[in-house]
Amino acid sequence: MSFPLLTATAALPALGAIATAAVPAARRTAAKWLALLVSVGTLVLAAIQLVRFQPGGARYQLTESHAWIKDFGVRYELGVDGIGVALIGLTALLIPFIIAAGWHDADPLETNSSRWRPTQGFFALILAVEAMVVLSFEATDVFLFYILFEAMLIPMYFLIGGFGDRAHAQGDEAAATQRSYAAVKFLLYNLVGGLIMLAAVIGLYVVAGSFSLNEIAAARASGSLHMATNTERLLFLGFFFAFAVKAPLWPLHTWLPNAMGEATAPVAVLITAVVDKVGTFAMLRFCLQLFPEASKWATPVIVVLAVISIIYGALLAVGQRDIKRLVAYASISHFGFIIMGIFAMTSQGQSGATLYMVNHGISTAALMLVAGFLISRRGSRLISDYGGVQKVAPVLAGTFLIGGLATLSLPGLAPFVSEFLVLVGTFSRYPAAGVVATLGIVLAALYVLVLYQRTMTGPVKAEVQGMPDLKVRELLVVAPLIGLLIFLGVYPKPLTDIVNPAVRQTMSDVQKKDPNPVVEAAK
(Lines give C-alpha, C1' and ligand atoms only; values in the text may rest on other atoms or scores of the structure.)
Protein backbone atom coordinates (compact mmCIF):
# COMPACT_ATOMS: atom_id res chain seq x y z
CA MET A 1 0.00 0.00 0.00
CA SER A 2 1.37 3.41 -0.97
CA PHE A 3 1.90 6.11 1.63
CA PRO A 4 -1.46 7.85 2.37
CA LEU A 5 -0.22 11.34 1.59
CA LEU A 6 -3.64 13.00 1.61
CA THR A 7 -4.54 11.53 5.00
CA ALA A 8 -1.14 12.47 6.41
CA THR A 9 -1.51 16.10 5.25
CA ALA A 10 -4.74 16.44 7.25
CA ALA A 11 -3.75 14.15 10.13
CA LEU A 12 -0.57 16.05 11.01
CA PRO A 13 -2.30 19.33 12.01
CA ALA A 14 -5.08 17.32 13.72
CA LEU A 15 -2.58 15.47 15.89
CA GLY A 16 -0.63 18.70 16.33
CA ALA A 17 -3.77 20.38 17.67
CA ILE A 18 -4.16 17.66 20.29
CA ALA A 19 -0.49 17.85 21.25
CA THR A 20 -0.54 21.65 21.44
CA ALA A 21 -3.63 21.64 23.66
CA ALA A 22 -1.92 19.14 25.99
CA VAL A 23 1.17 21.30 26.61
CA PRO A 24 1.29 22.37 30.28
CA ALA A 25 -0.14 25.81 31.03
CA ALA A 26 3.22 27.25 32.06
CA ARG A 27 4.88 26.21 28.78
CA ARG A 28 3.17 28.67 26.50
CA THR A 29 6.23 29.35 24.35
CA ALA A 30 6.72 25.62 23.80
CA ALA A 31 3.11 25.37 22.62
CA LYS A 32 3.66 28.17 20.12
CA TRP A 33 6.77 26.56 18.66
CA LEU A 34 5.09 23.17 18.49
CA ALA A 35 2.15 24.64 16.56
CA LEU A 36 4.51 26.48 14.20
CA LEU A 37 6.60 23.36 13.54
CA VAL A 38 3.48 21.29 12.88
CA SER A 39 2.22 23.90 10.41
CA VAL A 40 5.57 23.92 8.60
CA GLY A 41 5.49 20.12 8.46
CA THR A 42 2.01 20.31 6.92
CA LEU A 43 3.35 22.79 4.35
CA VAL A 44 6.07 20.28 3.41
CA LEU A 45 3.44 17.54 2.88
CA ALA A 46 1.33 19.95 0.79
CA ALA A 47 4.42 20.75 -1.30
CA ILE A 48 4.95 17.02 -1.88
CA GLN A 49 1.35 16.82 -3.09
CA LEU A 50 2.05 19.59 -5.59
CA VAL A 51 5.21 17.83 -6.81
CA ARG A 52 3.50 14.44 -7.17
CA PHE A 53 0.38 15.85 -8.82
CA GLN A 54 0.40 15.45 -12.60
CA PRO A 55 -1.70 18.15 -14.32
CA GLY A 56 -2.22 16.01 -17.41
CA GLY A 57 -3.10 12.87 -15.47
CA ALA A 58 -6.32 11.49 -14.00
CA ARG A 59 -8.93 13.91 -12.70
CA TYR A 60 -8.51 12.79 -9.07
CA GLN A 61 -5.03 11.76 -8.02
CA LEU A 62 -3.29 10.45 -4.89
CA THR A 63 -6.60 8.76 -4.16
CA GLU A 64 -7.53 6.83 -1.02
CA SER A 65 -10.70 4.86 -0.45
CA HIS A 66 -11.78 2.86 2.60
CA ALA A 67 -15.12 1.61 3.88
CA TRP A 68 -16.50 3.79 6.66
CA ILE A 69 -20.26 3.34 7.29
CA LYS A 70 -21.05 0.32 5.11
CA ASP A 71 -24.80 0.20 5.80
CA PHE A 72 -25.23 3.67 4.26
CA GLY A 73 -22.58 3.42 1.57
CA VAL A 74 -20.40 6.10 3.19
CA ARG A 75 -16.71 5.81 2.40
CA TYR A 76 -13.56 7.56 3.54
CA GLU A 77 -12.72 8.59 -0.01
CA LEU A 78 -10.09 11.18 -0.88
CA GLY A 79 -8.61 12.59 -4.07
CA VAL A 80 -7.29 15.89 -5.36
CA ASP A 81 -7.70 17.65 -8.67
CA GLY A 82 -5.80 20.76 -9.77
CA ILE A 83 -8.17 23.10 -7.95
CA GLY A 84 -8.06 21.14 -4.71
CA VAL A 85 -4.29 20.75 -4.65
CA ALA A 86 -3.83 24.49 -5.29
CA LEU A 87 -6.13 25.41 -2.39
CA ILE A 88 -4.45 22.88 -0.09
CA GLY A 89 -1.17 24.59 -0.95
CA LEU A 90 -2.69 27.99 -0.14
CA THR A 91 -4.02 26.75 3.21
CA ALA A 92 -0.77 25.10 4.23
CA LEU A 93 1.17 28.20 3.15
CA LEU A 94 -0.91 30.68 5.14
CA ILE A 95 -1.20 28.81 8.45
CA PRO A 96 2.48 29.27 9.50
CA PHE A 97 2.16 33.02 8.81
CA ILE A 98 -1.12 33.15 10.74
CA ILE A 99 0.52 31.43 13.72
CA ALA A 100 3.59 33.68 13.59
CA ALA A 101 1.45 36.82 13.26
CA GLY A 102 -0.68 35.79 16.26
CA TRP A 103 2.33 34.89 18.41
CA HIS A 104 1.21 37.10 21.31
CA ASP A 105 -2.52 37.41 20.56
CA ALA A 106 -3.57 34.80 23.12
CA ASP A 107 -1.04 35.46 25.88
CA PRO A 108 -2.91 35.81 29.21
CA LEU A 109 -2.74 39.25 30.77
CA GLU A 110 -2.90 37.98 34.36
CA THR A 111 0.39 37.79 36.22
CA ASN A 112 -0.42 34.42 37.76
CA SER A 113 -2.02 32.43 34.97
CA SER A 114 -0.45 29.01 35.37
CA ARG A 115 -3.90 27.40 35.72
CA TRP A 116 -5.15 28.56 32.32
CA ARG A 117 -4.26 27.63 28.75
CA PRO A 118 -5.58 30.38 26.46
CA THR A 119 -2.39 30.30 24.38
CA GLN A 120 -2.43 26.55 23.92
CA GLY A 121 -6.13 26.62 23.04
CA PHE A 122 -5.70 29.41 20.49
CA PHE A 123 -3.03 27.63 18.47
CA ALA A 124 -4.65 24.21 18.86
CA LEU A 125 -7.88 25.59 17.39
CA ILE A 126 -6.02 27.07 14.41
CA LEU A 127 -4.42 23.69 13.68
CA ALA A 128 -7.79 21.96 14.04
CA VAL A 129 -9.30 24.31 11.45
CA GLU A 130 -6.38 23.64 9.12
CA ALA A 131 -6.90 19.86 9.39
CA MET A 132 -10.61 20.13 8.55
CA VAL A 133 -10.13 22.56 5.68
CA VAL A 134 -7.39 20.44 4.09
CA LEU A 135 -9.51 17.29 4.38
CA SER A 136 -12.53 19.09 2.91
CA PHE A 137 -10.46 19.97 -0.18
CA GLU A 138 -9.52 16.27 -0.46
CA ALA A 139 -12.91 14.62 0.19
CA THR A 140 -14.62 13.00 -2.80
CA ASP A 141 -17.38 11.46 -0.69
CA VAL A 142 -20.26 13.93 -0.27
CA PHE A 143 -21.15 12.78 3.26
CA LEU A 144 -17.54 13.00 4.42
CA PHE A 145 -17.32 16.51 2.98
CA TYR A 146 -20.54 17.50 4.77
CA ILE A 147 -19.18 16.32 8.14
CA LEU A 148 -16.04 18.42 7.67
CA PHE A 149 -18.01 21.39 6.31
CA GLU A 150 -20.01 21.53 9.55
CA ALA A 151 -17.31 20.44 12.01
CA MET A 152 -14.99 23.32 11.16
CA LEU A 153 -17.61 25.73 12.55
CA ILE A 154 -16.85 24.58 16.11
CA PRO A 155 -13.19 25.69 16.38
CA MET A 156 -13.99 28.81 14.36
CA TYR A 157 -16.76 29.74 16.81
CA PHE A 158 -14.33 29.59 19.74
CA LEU A 159 -11.61 31.47 17.84
CA ILE A 160 -14.01 34.34 17.09
CA GLY A 161 -15.85 34.39 20.42
CA GLY A 162 -13.01 33.49 22.75
CA PHE A 163 -10.13 35.55 21.38
CA GLY A 164 -10.28 39.20 20.38
CA ASP A 165 -8.12 42.31 20.31
CA ARG A 166 -6.05 42.95 23.42
CA ALA A 167 -8.43 45.72 24.47
CA HIS A 168 -11.22 43.12 24.59
CA ALA A 169 -9.19 40.95 26.95
CA GLN A 170 -8.79 43.78 29.42
CA GLY A 171 -12.34 43.63 30.70
CA ASP A 172 -14.20 45.70 28.12
CA GLU A 173 -17.64 44.12 28.58
CA ALA A 174 -19.24 45.89 25.62
CA ALA A 175 -16.50 44.67 23.28
CA ALA A 176 -16.79 41.16 24.71
CA THR A 177 -20.53 41.24 24.03
CA GLN A 178 -19.93 42.31 20.44
CA ARG A 179 -17.43 39.51 20.02
CA SER A 180 -19.91 36.95 21.36
CA TYR A 181 -22.59 38.33 19.05
CA ALA A 182 -20.27 38.00 16.05
CA ALA A 183 -19.40 34.40 16.97
CA VAL A 184 -23.04 33.38 17.44
CA LYS A 185 -24.08 35.08 14.20
CA PHE A 186 -21.30 33.27 12.34
CA LEU A 187 -22.41 29.96 13.83
CA LEU A 188 -26.14 30.42 13.23
CA TYR A 189 -25.80 31.53 9.60
CA ASN A 190 -23.52 28.63 8.74
CA LEU A 191 -25.54 26.09 10.72
CA VAL A 192 -28.72 27.04 8.89
CA GLY A 193 -26.91 26.66 5.58
CA GLY A 194 -25.49 23.34 6.73
CA LEU A 195 -28.88 21.98 7.78
CA ILE A 196 -30.38 22.83 4.41
CA MET A 197 -27.41 21.13 2.77
CA LEU A 198 -27.96 18.04 4.95
CA ALA A 199 -31.46 17.67 3.54
CA ALA A 200 -29.98 17.94 0.04
CA VAL A 201 -27.27 15.37 0.86
CA ILE A 202 -29.93 12.90 2.00
CA GLY A 203 -31.96 13.64 -1.11
CA LEU A 204 -28.92 13.02 -3.29
CA TYR A 205 -28.40 9.62 -1.68
CA VAL A 206 -32.04 8.69 -2.22
CA VAL A 207 -31.80 9.59 -5.91
CA ALA A 208 -28.26 8.38 -6.69
CA GLY A 209 -27.85 5.57 -4.16
CA SER A 210 -24.31 6.72 -3.39
CA PHE A 211 -22.32 9.53 -1.80
CA SER A 212 -19.24 8.97 -3.98
CA LEU A 213 -18.50 11.60 -6.61
CA ASN A 214 -16.76 8.99 -8.74
CA GLU A 215 -19.68 6.56 -8.60
CA ILE A 216 -22.24 9.26 -9.35
CA ALA A 217 -20.15 10.51 -12.29
CA ALA A 218 -19.82 6.96 -13.64
CA ALA A 219 -23.58 6.42 -13.30
CA ARG A 220 -24.26 9.64 -15.20
CA ALA A 221 -21.84 8.66 -17.95
CA SER A 222 -23.40 5.22 -18.35
CA GLY A 223 -26.92 6.65 -18.42
CA SER A 224 -28.04 4.65 -15.38
CA LEU A 225 -28.63 7.79 -13.26
CA HIS A 226 -31.51 10.06 -14.19
CA MET A 227 -32.65 12.98 -12.06
CA ALA A 228 -35.99 14.64 -12.64
CA THR A 229 -35.55 18.30 -13.53
CA ASN A 230 -37.28 19.66 -10.41
CA THR A 231 -35.44 17.19 -8.17
CA GLU A 232 -32.05 18.23 -9.54
CA ARG A 233 -32.89 21.91 -9.13
CA LEU A 234 -34.02 21.46 -5.53
CA LEU A 235 -30.90 19.48 -4.64
CA PHE A 236 -28.71 22.09 -6.35
CA LEU A 237 -30.35 24.89 -4.35
CA GLY A 238 -29.78 22.99 -1.09
CA PHE A 239 -26.08 22.65 -1.79
CA PHE A 240 -25.65 26.12 -3.28
CA PHE A 241 -27.37 27.87 -0.36
CA ALA A 242 -24.88 26.41 2.14
CA PHE A 243 -21.92 27.29 -0.07
CA ALA A 244 -23.23 30.82 -0.69
CA VAL A 245 -23.42 31.42 3.07
CA LYS A 246 -19.85 30.22 3.52
CA ALA A 247 -18.54 32.08 0.44
CA PRO A 248 -20.19 34.66 1.38
CA LEU A 249 -22.57 35.86 -1.35
CA TRP A 250 -25.01 38.77 -1.03
CA PRO A 251 -27.52 38.72 0.69
CA LEU A 252 -26.14 35.91 2.92
CA HIS A 253 -22.97 37.83 3.75
CA THR A 254 -23.84 39.84 6.85
CA TRP A 255 -22.03 37.56 9.30
CA LEU A 256 -18.61 38.25 7.73
CA PRO A 257 -18.03 41.94 8.68
CA ASN A 258 -18.98 41.17 12.30
CA ALA A 259 -16.76 38.10 12.48
CA MET A 260 -13.72 39.73 10.87
CA GLY A 261 -14.18 42.96 12.82
CA GLU A 262 -14.28 41.27 16.22
CA ALA A 263 -11.69 38.54 15.63
CA THR A 264 -7.96 39.04 15.90
CA ALA A 265 -6.25 39.87 12.60
CA PRO A 266 -4.78 36.34 12.17
CA VAL A 267 -8.19 34.77 12.82
CA ALA A 268 -9.77 37.24 10.37
CA VAL A 269 -7.28 35.98 7.77
CA LEU A 270 -8.17 32.40 8.68
CA ILE A 271 -11.85 33.20 8.05
CA THR A 272 -11.68 34.95 4.70
CA ALA A 273 -8.47 33.58 3.17
CA VAL A 274 -8.89 29.92 4.21
CA VAL A 275 -12.30 28.85 5.54
CA ASP A 276 -14.46 30.86 3.12
CA LYS A 277 -12.64 29.28 0.16
CA VAL A 278 -14.33 26.00 1.03
CA GLY A 279 -17.62 27.55 -0.16
CA THR A 280 -16.39 28.64 -3.59
CA PHE A 281 -14.37 25.44 -4.04
CA ALA A 282 -17.48 23.37 -3.29
CA MET A 283 -19.45 25.25 -5.94
CA LEU A 284 -16.98 23.97 -8.53
CA ARG A 285 -16.60 20.44 -7.16
CA PHE A 286 -20.16 19.65 -6.09
CA CYS A 287 -22.69 22.06 -7.62
CA LEU A 288 -21.37 21.96 -11.17
CA GLN A 289 -20.30 18.33 -11.14
CA LEU A 290 -23.36 16.82 -9.44
CA PHE A 291 -26.04 19.08 -10.89
CA PRO A 292 -24.88 20.35 -14.30
CA GLU A 293 -28.32 21.10 -15.74
CA ALA A 294 -29.51 22.87 -12.59
CA SER A 295 -26.28 24.87 -12.51
CA LYS A 296 -26.98 26.17 -16.01
CA TRP A 297 -30.60 26.88 -15.05
CA ALA A 298 -29.54 28.97 -12.02
CA THR A 299 -26.61 30.73 -13.69
CA PRO A 300 -28.35 34.02 -14.72
CA VAL A 301 -29.64 34.66 -11.18
CA ILE A 302 -26.32 33.73 -9.57
CA VAL A 303 -24.38 36.02 -11.92
CA VAL A 304 -26.72 38.89 -10.96
CA LEU A 305 -26.21 38.16 -7.25
CA ALA A 306 -22.44 38.05 -7.80
CA VAL A 307 -22.48 41.44 -9.53
CA ILE A 308 -24.53 42.87 -6.66
CA SER A 309 -21.94 41.47 -4.22
CA ILE A 310 -19.14 43.12 -6.17
CA ILE A 311 -20.72 46.58 -6.19
CA TYR A 312 -22.37 46.37 -2.77
CA GLY A 313 -19.20 45.19 -1.01
CA ALA A 314 -17.08 47.84 -2.70
CA LEU A 315 -19.53 50.66 -1.92
CA LEU A 316 -19.73 49.72 1.75
CA ALA A 317 -15.94 49.43 1.90
CA VAL A 318 -15.68 53.02 0.65
CA GLY A 319 -17.83 54.24 3.54
CA GLN A 320 -16.18 52.29 6.36
CA ARG A 321 -14.50 53.94 9.33
CA ASP A 322 -13.16 50.64 10.74
CA ILE A 323 -10.04 49.22 9.05
CA LYS A 324 -10.92 45.56 9.59
CA ARG A 325 -14.52 45.95 8.47
CA LEU A 326 -13.28 47.73 5.34
CA VAL A 327 -11.17 44.68 4.47
CA ALA A 328 -14.21 42.47 5.21
CA TYR A 329 -16.45 44.35 2.79
CA ALA A 330 -13.66 44.36 0.21
CA SER A 331 -13.56 40.56 0.55
CA ILE A 332 -17.31 40.35 -0.09
CA SER A 333 -16.68 42.25 -3.33
CA HIS A 334 -13.83 39.90 -4.25
CA PHE A 335 -15.90 36.80 -3.56
CA GLY A 336 -18.45 38.26 -5.96
CA PHE A 337 -15.78 38.19 -8.67
CA ILE A 338 -14.93 34.57 -7.81
CA ILE A 339 -18.55 33.39 -7.97
CA MET A 340 -19.20 35.36 -11.14
CA GLY A 341 -16.19 33.68 -12.76
CA ILE A 342 -17.37 30.22 -11.71
CA PHE A 343 -20.87 30.66 -13.14
CA ALA A 344 -19.84 32.52 -16.26
CA MET A 345 -19.36 28.98 -17.59
CA THR A 346 -16.24 29.85 -19.59
CA SER A 347 -12.76 28.42 -19.25
CA GLN A 348 -11.27 31.90 -18.74
CA GLY A 349 -13.83 32.73 -16.06
CA GLN A 350 -13.35 29.50 -14.11
CA SER A 351 -9.56 29.60 -14.41
CA GLY A 352 -9.65 33.20 -13.22
CA ALA A 353 -11.98 32.30 -10.35
CA THR A 354 -9.65 29.52 -9.18
CA LEU A 355 -6.62 31.79 -9.43
CA TYR A 356 -8.62 34.45 -7.60
CA MET A 357 -9.18 32.08 -4.68
CA VAL A 358 -5.44 31.63 -4.29
CA ASN A 359 -4.44 35.23 -5.02
CA HIS A 360 -7.16 36.72 -2.84
CA GLY A 361 -5.97 34.53 0.02
CA ILE A 362 -2.42 35.83 -0.28
CA SER A 363 -3.32 39.50 -0.82
CA THR A 364 -5.90 39.59 1.97
CA ALA A 365 -3.47 37.89 4.33
CA ALA A 366 -0.80 40.49 3.54
CA LEU A 367 -3.14 43.46 3.98
CA MET A 368 -5.00 42.21 7.06
CA LEU A 369 -1.89 41.04 8.92
CA VAL A 370 -0.15 44.38 8.39
CA ALA A 371 -3.37 46.10 9.46
CA GLY A 372 -3.32 43.92 12.58
CA PHE A 373 0.25 45.00 13.35
CA LEU A 374 -0.85 48.61 12.91
CA ILE A 375 -3.90 48.22 15.16
CA SER A 376 -1.91 46.46 17.89
CA ARG A 377 0.43 49.45 18.09
CA ARG A 378 -2.28 52.10 18.30
CA GLY A 379 -4.99 50.08 20.04
CA SER A 380 -7.72 51.31 17.68
CA ARG A 381 -9.41 50.05 14.51
CA LEU A 382 -10.77 53.48 13.55
CA ILE A 383 -9.23 55.04 10.45
CA SER A 384 -9.62 58.52 11.95
CA ASP A 385 -7.23 57.65 14.79
CA TYR A 386 -4.29 57.44 12.39
CA GLY A 387 -2.31 59.86 10.26
CA GLY A 388 1.28 60.29 9.12
CA VAL A 389 2.29 56.71 9.93
CA GLN A 390 4.60 56.51 6.91
CA LYS A 391 6.86 59.15 8.50
CA VAL A 392 7.40 57.19 11.72
CA ALA A 393 7.06 53.60 10.41
CA PRO A 394 7.98 53.61 6.69
CA VAL A 395 8.38 49.83 6.33
CA LEU A 396 4.97 49.22 7.88
CA ALA A 397 3.44 51.83 5.58
CA GLY A 398 5.19 50.42 2.52
CA THR A 399 4.01 46.85 3.13
CA PHE A 400 0.51 48.16 3.86
CA LEU A 401 0.55 49.98 0.52
CA ILE A 402 1.63 46.89 -1.44
CA GLY A 403 -1.07 44.81 0.25
CA GLY A 404 -3.60 47.49 -0.63
CA LEU A 405 -2.43 47.74 -4.24
CA ALA A 406 -2.79 43.97 -4.56
CA THR A 407 -6.32 44.27 -3.19
CA LEU A 408 -7.23 46.74 -5.93
CA SER A 409 -5.65 44.36 -8.51
CA LEU A 410 -2.82 46.57 -9.70
CA PRO A 411 -1.15 45.14 -12.84
CA GLY A 412 2.04 43.34 -11.88
CA LEU A 413 0.54 41.90 -8.69
CA ALA A 414 -1.13 38.48 -8.54
CA PRO A 415 -4.85 39.43 -8.22
CA PHE A 416 -4.74 41.40 -11.47
CA VAL A 417 -4.30 38.26 -13.58
CA SER A 418 -7.23 36.47 -11.96
CA GLU A 419 -9.54 39.49 -12.05
CA PHE A 420 -8.70 40.10 -15.71
CA LEU A 421 -9.50 36.48 -16.60
CA VAL A 422 -12.79 36.59 -14.68
CA LEU A 423 -13.88 39.77 -16.47
CA VAL A 424 -12.84 38.47 -19.92
CA GLY A 425 -14.60 35.16 -19.31
CA THR A 426 -17.75 36.87 -18.05
CA PHE A 427 -17.86 39.49 -20.79
CA SER A 428 -17.70 36.86 -23.54
CA ARG A 429 -20.97 35.30 -22.31
CA TYR A 430 -22.65 38.01 -20.16
CA PRO A 431 -21.35 41.35 -21.45
CA ALA A 432 -23.70 43.47 -19.32
CA ALA A 433 -22.56 41.74 -16.12
CA GLY A 434 -18.92 42.14 -17.14
CA VAL A 435 -19.35 45.87 -17.76
CA VAL A 436 -21.13 46.53 -14.45
CA ALA A 437 -18.63 44.41 -12.51
CA THR A 438 -15.80 46.55 -13.87
CA LEU A 439 -17.11 49.35 -11.65
CA GLY A 440 -15.92 47.26 -8.71
CA ILE A 441 -12.33 47.85 -9.84
CA VAL A 442 -12.84 51.61 -9.78
CA LEU A 443 -14.39 51.48 -6.33
CA ALA A 444 -11.56 49.23 -5.10
CA ALA A 445 -9.03 51.87 -6.11
CA LEU A 446 -11.09 54.43 -4.21
CA TYR A 447 -11.39 52.61 -0.89
CA VAL A 448 -7.79 51.37 -0.88
CA LEU A 449 -6.17 54.69 -1.76
CA VAL A 450 -8.41 56.67 0.59
CA LEU A 451 -7.57 54.23 3.39
CA TYR A 452 -3.86 54.66 2.74
CA GLN A 453 -4.14 58.44 2.50
CA ARG A 454 -6.02 58.79 5.78
CA THR A 455 -3.86 56.44 7.79
CA MET A 456 -0.36 56.79 6.37
CA THR A 457 -0.02 60.29 4.92
CA GLY A 458 -0.54 63.81 6.22
CA PRO A 459 0.58 65.27 9.55
CA VAL A 460 1.78 62.84 12.20
CA LYS A 461 -0.85 62.50 14.91
CA ALA A 462 0.39 62.70 18.47
CA GLU A 463 -0.89 59.18 19.24
CA VAL A 464 1.27 57.60 16.52
CA GLN A 465 4.35 59.77 17.09
CA GLY A 466 6.32 57.01 18.80
CA MET A 467 4.93 54.09 16.80
CA PRO A 468 7.65 51.47 16.16
CA ASP A 469 8.25 50.06 12.72
CA LEU A 470 7.81 46.38 11.86
CA LYS A 471 9.87 43.98 13.95
CA VAL A 472 11.86 41.06 12.57
CA ARG A 473 9.10 38.53 13.30
CA GLU A 474 6.53 40.74 11.58
CA LEU A 475 8.77 41.24 8.56
CA LEU A 476 9.24 37.48 8.28
CA VAL A 477 5.46 37.17 8.15
CA VAL A 478 4.79 39.87 5.55
CA ALA A 479 7.82 39.75 3.23
CA PRO A 480 7.19 36.24 1.78
CA LEU A 481 3.55 37.11 1.09
CA ILE A 482 4.55 40.24 -0.79
CA GLY A 483 7.17 38.27 -2.69
CA LEU A 484 4.50 35.77 -3.76
CA LEU A 485 2.16 38.55 -4.86
CA ILE A 486 4.87 39.94 -7.14
CA PHE A 487 6.02 36.54 -8.44
CA LEU A 488 2.53 35.28 -9.30
CA GLY A 489 1.64 38.66 -10.76
CA VAL A 490 4.55 38.47 -13.19
CA TYR A 491 4.58 34.69 -13.75
CA PRO A 492 1.25 32.95 -13.00
CA LYS A 493 2.03 29.96 -15.25
CA PRO A 494 2.84 27.49 -12.41
CA LEU A 495 -0.69 27.96 -11.08
CA THR A 496 -2.48 28.02 -14.43
CA ASP A 497 -0.77 24.79 -15.50
CA ILE A 498 -2.20 23.06 -12.42
CA VAL A 499 -5.75 24.40 -12.48
CA ASN A 500 -6.53 24.55 -16.22
CA PRO A 501 -6.99 20.77 -16.73
CA ALA A 502 -9.43 20.69 -13.79
CA VAL A 503 -11.32 23.63 -15.28
CA ARG A 504 -11.63 21.79 -18.60
CA GLN A 505 -13.10 18.81 -16.75
CA THR A 506 -15.64 21.07 -15.03
CA MET A 507 -16.60 22.66 -18.35
CA SER A 508 -17.10 19.15 -19.72
CA ASP A 509 -19.34 18.28 -16.75
CA VAL A 510 -21.74 21.10 -17.57
CA GLN A 511 -21.34 20.50 -21.32
CA LYS A 512 -20.34 24.07 -22.01
CA LYS A 513 -17.91 25.44 -24.56
CA ASP A 514 -16.38 28.88 -24.72
CA PRO A 515 -18.33 31.30 -26.94
CA ASN A 516 -16.81 31.94 -30.33
CA PRO A 517 -15.35 35.44 -30.62
CA VAL A 518 -17.51 37.84 -32.54
CA VAL A 519 -15.68 39.25 -35.55
CA GLU A 520 -17.33 41.94 -37.61
CA ALA A 521 -17.01 41.52 -41.33
CA ALA A 522 -15.04 44.16 -43.20
CA LYS A 523 -17.21 46.61 -45.09
Salt-bridge criterion met for E474 and R377 (N-O under 4.0 Å):
yes
Pair T280, Y356: side-chain N/O donor-acceptor within cut-off below 3.5 Å
no
Looking only at heavy atoms, what is the nearest atom pair of V40 and P96, with distance?
N-CG, 4.3 Å
Any donor-acceptor pair under 3.5 Å linking the side-chain atoms of Y447 with those of Q320?
no
What are the two closest non-hydrogen atoms of I441 and L408, and how far apart are they?
CG2-O, 4.5 Å
Identify which one of I383, L382, D385 satisfies the side-chain contact (heavy atoms from CB on, under 4.5 Å) criterion when paired with T455.
I383
Looking only at atom types and distance, does a side-chain atom of T20 sit under 3.5 Å from a main-chain N or O of A17, one as donor and one as acceptor?
no
Between the side chain of R285 and the main-chain N/O of F137, is any donor-acceptor distance below 3.5 Å?
yes
What one should report as the nearest heavy-atom pair of A8 and F3 is CB-CZ, 3.7 Å
Starting from the C-alpha separation in whole Å, work towards a yes-or-no answer on side chain to side chain contact (heavy atoms under 4.5 Å, CB included) for F123 and L34.
CA-CA 9 Å; F123 292 105; L34 175 60; over 6 Å; no
For M357 and L284, run side chain to side chain contact (heavy atoms under 4.5 Å, CB included): C-alpha distance rounded to whole Å, both residues' side-chain angles, the deciding distance at 0.1 Å, then the answer.
CA-CA 12 Å; M357 291 186 226; L284 282 164; 3.6 Å; yes
Using atom types as modelled and distance alone, determine if a side-chain donor or acceptor of E138 lies under 3.5 Å from a backbone N or O of G79.
no
For the residue pair N359 and F416, establish whether any side-chain heavy-atom pair is separated by less than 4.5 Å.
no
4.5 Å side-chain heavy-atom contact, D276 and P248:
yes
Do R378 and V464 have side chains that approach each other closer than 4.5 Å (heavy atoms only, starting at C-beta)?
yes
Does the side chain of V499 reach to within under 4.5 Å of the side chain of V358, using non-hydrogen atoms?
no
Can you sort out the partners of L188 under side chain to side chain contact (heavy atoms under 4.5 Å, CB included), two or more places apart, ordered by chain and number?
V184
Under 3.5 Å, is there a donor-acceptor pair between the T272 and S331 side chains?
yes
Nearest heavy-atom neighbours spanning A101 and P266
C-CG, 3.9 Å
Donor-acceptor check, side chain of E262 to backbone of I160, threshold 3.5 angstrom: yes or no?
no
Run the ring-ring contact (aromatic ring centres under 6.0 Å, His included) test on W255 and F186 for me, step by step, so that the C-alpha distance in whole Å, both residues' side-chain angles and the decisive distance to 0.1 Å come before the verdict.
CA-CA 5 Å; W255 62 268; F186 161 82; 5.4 Å; yes
Using a 4.5 Å cut-off on heavy atoms from C-beta on, say whether the side chain of F240 contacts that of L249.
yes
Nearest heavy-atom neighbours spanning S333 and A314:
CB-N, 3.8 Å
Any side-chain heavy-atom pair of K277 and T91 under 4.5 Å
no
Describe, in one word, how the ring planes of F487 and Y491 are oriented to each other, choosing from parallel (under 30°), tilted (30 to 60°) and perpendicular (over 60°).
perpendicular
Measure the CD1-NE2 distance between I338 and H360 for me, rounded to the nearest 0.5 Å.
6.0 Å
Assess whether side chain to side chain contact (heavy atoms under 4.5 Å, CB included) is satisfied between K246 and M152, documenting all intermediate values.
CA-CA 11 Å; K246 183 83 78 179; M152 70 180 67; 4.0 Å; yes
Flag, side chain of N190 to backbone of E150, donor-acceptor distance under 3.5 Å:
no
Can you name the one residue among F97, W33, F122, F373 that meets ring pair (Phe, Tyr, Trp, His ring centres under 6.0 Å) with W103?
W33
Using side-chain heavy atoms (C-beta onward) and a distance below 4.5 Å, is T496 in contact with V417?
no
Would T9 and Q49 count as having a side-chain donor-acceptor pair, cut-off 3.5 Å?
yes
In terms of relative ring orientation, are F243 and F286 parallel, tilted or perpendicular, with 30° and 60° separating the classes?
tilted
Distance check, rounded to the nearest 0.5 Å: N258 atom CG versus K185 atom NZ?
4.0 Å
Check side chain to side chain contact (heavy atoms under 4.5 Å, CB included) between A366 and all other residues, then give those that pass, not counting sequence neighbours.
L481, L485
Residue set satisfying side chain to side chain contact (heavy atoms under 4.5 Å, CB included) with D322, at least two apart, ordered chain then number -> K324, R325, R381
Give the C-alpha distance, both sets of side-chain angles, the deciding distance and a yes or no for side chain to side chain contact (heavy atoms under 4.5 Å, CB included) between N214 and E77.
CA-CA 10 Å; N214 294 318; E77 195 170 82; 3.8 Å; yes
For Y386 and S380, indicate whether the former's side chain and the latter's backbone hold a donor-acceptor pair under 3.5 Å.
yes
Is a side-chain donor or acceptor of R504 paired with a backbone partner of S347 at a separation under 3.5 angstrom?
no
Taking atom types as modelled, find out whether T7 and E64 have a side-chain donor-acceptor pair closer than 3.5 angstrom.
yes
So, for G425 and Q348, which heavy atoms are closest and what is the spacing to 0.1 Å?
CA-CB, 3.9 Å
Does G361 offer a backbone N or O that forms a donor-acceptor pair with the side chain of T364 under 3.5 Å?
no
